[in-house]
There are 2 protein chains.
Amino acid sequence: MKKILATAAAGDFERSDCPIANTLDLIGDKWTLLVVRDLLFQEKRLYGELMQSQEKVRSNILAERLKRLENAGMLEKIPYQQNPLRHEYRLTPKGADLFAILKEIIRWGNKYVPGTTAPPAGFLDSFEKQATVEKKKTRRKGS
Amino acid sequence: MKKILATAAAGDFERSDCPIANTLDLIGDKWTLLVVRDLLFQEKRLYGELMQSQEKVRSNILAERLKRLENAGMLEKIPYQQNPLRHEYRLTPKGADLFAILKEIIRWGNKYVPGTTAPPAGFLDSFEKQATVEKKKTRRKGS
DNA sequence: CGTTTCACTTTCATATTTAAAGTGATAATC
DNA sequence: GATTATCACTTTAAATATGAAAGTGAAACG
């Protein structure tokens, strides 16, 4: 009666030993990298915040992607209160390292897809190699 | 009786103005970038060659992805003989520019997915900014 | 006690993917 | 010259994933 929740990514055997194929098995869809984008660039931490994306991700898809990212060790679910139990999501170094991929996707998109907005100058640089470092204090509650 | 073949990518309206979202609408799946990989790094040009991928792409998927890439202006289908009409596939500059994204995906995969093979040293550099330049002559048939 | 909010989960219709077989135009073999 | 093979796809049917919407449980609010 459970549901095994083993959508590849887990211990299913690989399609090949190609780093591209294996990476696509983890992030090769239309939503995963948007979640990472929000966690990384928008510094969203809560489920409700992640639901606010411009692309209107559906609740079931978001929940499933968060679970996948967590299972793959790219995301951590950290409890920050009891009653009701609530947690925040944070990228691990593995997840935050997707930054380099995201950066090139942004560059390509801005160059070839008309109408896409470019991040303000210098914006990406600020995430360059410290993406996983704590932001300011640990900042909670008050935006 | 036709089939409109308008799987997003075409003139469907966008999810947002985010370059990541828009790029994912073009390449955000498990196969498209593998096709680009073969065209770019393996220098495959024919349908039959592309079918040989380690990941065993299905014929219908390959055909559909080639069509999508072509519709999106990332790929050109160039006839090289009549009777029977045959063509080769070549990336346009837009398609070849996916190189930067691929390179970061390879880097990430090699770093975080155990068992993935890394390209030989210097291999990627040779594609750096001349990815679209004609390779050698135009080489056909032999080799 | 009744209504809200938050963080999901469930359900169900639709869309995409997988797997496998089929098709049409030649080219090669018997 | 009929049979078989090859290439480049297409079609079909079943399995899986996604999209849209409604539902759930545990507080917190009024």
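We name chains A, B, ... by the order of the sequence lines, and we start the count at 1 in each one.
- Scored by the ring-ring contact (aromatic ring centres under 6.0 Å, His included) test, B:Y112 finds B:W108 as partners (sequence neighbours excluded).
- For B:E55, the side-chain hydrogen bond (donor to acceptor under 3.5 Å, both in side chains) criterion is met by A:S16, B:R37, not counting sequence neighbours.
- Under the 4.0 Å criterion applied to side-chain N and carboxylate O atoms, A:K67 and A:E70 are not assigned as salt-bridge partners.
- When rounded to the nearest whole Å, the span between CD of A:E49 and P of C:dT5 equals 17 Å.
- Close to C:dC8, at under 4.0 Å from its OP1 or OP2, lies a side-chain N or O of A:Y89.
- One can place CZ of A:R45 at 18 Å from P of C:dC6, the figure rounded to the nearest angstrom.
- Listed by chain and number, the residues in a side-chain hydrogen bond (donor to acceptor under 3.5 Å, both in side chains) with B:S59 are B:Y47 (sequence neighbours excluded).
- For A:E88 and A:R90, the salt-bridge test passes: some basic side-chain N is under 4.0 Å from an acidic carboxylate O.
- Distance from the side chain of B:R86 is smallest for D:dC7 among the nucleotides C:dT9, D:dC9, D:dC7.
- Distance, A:E88 CD to C:dC6 P: 16 Å, rounded to whole Å.
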Every protein N/O within reach of nucleotides 26-29 of chain C N/O, cut-off under 3.5 Å:
unit_1: C:dT26; atom_1: OP1; unit_2: B:N83; atom_2: OD1; d: 2.8
unit_1: C:dA27; atom_1: OP1; unit_2: B:N83; atom_2: O; d: 3.0

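- Side-chain atoms of B:T116 and A:N22 include no donor-acceptor pair closer than 3.5 Å.
- Among residues two or more places apart in sequence or in another chain, the side-chain hydrogen bond (donor to acceptor under 3.5 Å, both in side chains) test is passed with A:R65 by A:D29, A:T32.
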Provide a list of protein-nucleic acid N or O atom pairs under 3.5 angstrom, restricted to nucleotides 19-23 of chain D.
unit_1: D:dG19; atom_1: OP2; unit_2: A:W31; atom_2: NE1; d: 3.0
unit_1: D:dG19; atom_1: N7; unit_2: A:N60; atom_2: ND2; d: 3.4
unit_1: D:dA20; atom_1: N6; unit_2: A:N60; atom_2: ND2; d: 2.7

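- What separates CD of A:E64 from P of C:dA7 is a distance of 19 Å, to the nearest Å.
- In this structure, B:Q52 atom CD and D:dC9 atom P are separated by 15 Å, rounded to whole Å.
- Residue A:M51 contributes atom CE, which lies 11 Å from atom P of C:dC8 at whole-angstrom precision.
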Might you work through the side chain to side chain contact (heavy atoms under 4.5 Å, CB included) test for A:V36 and A:I27, ending with a clear yes or no?
CA-CA 10 Å; A:V36 174; A:I27 62 169; 5.9 Å; no
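- Atom CZ in B:R68 sits about 8 Å away from atom P in C:dT17, given to the nearest Å.
- Remark: C1' of D:dC9 and NZ of B:K77 are 9 Å apart, rounded to the nearest angstrom.
- Note on A:K67: a side-chain N or O is less than 4.0 Å away from OP1 or OP2 of C:dT9.
- OP1 and OP2 of C:dT16 both lie 4.0 Å or more from every side-chain N or O belonging to A:K30.
- Ring pair A:F127/A:F99 is tilted by interplanar angle, where 30° to 60° counts as tilted.
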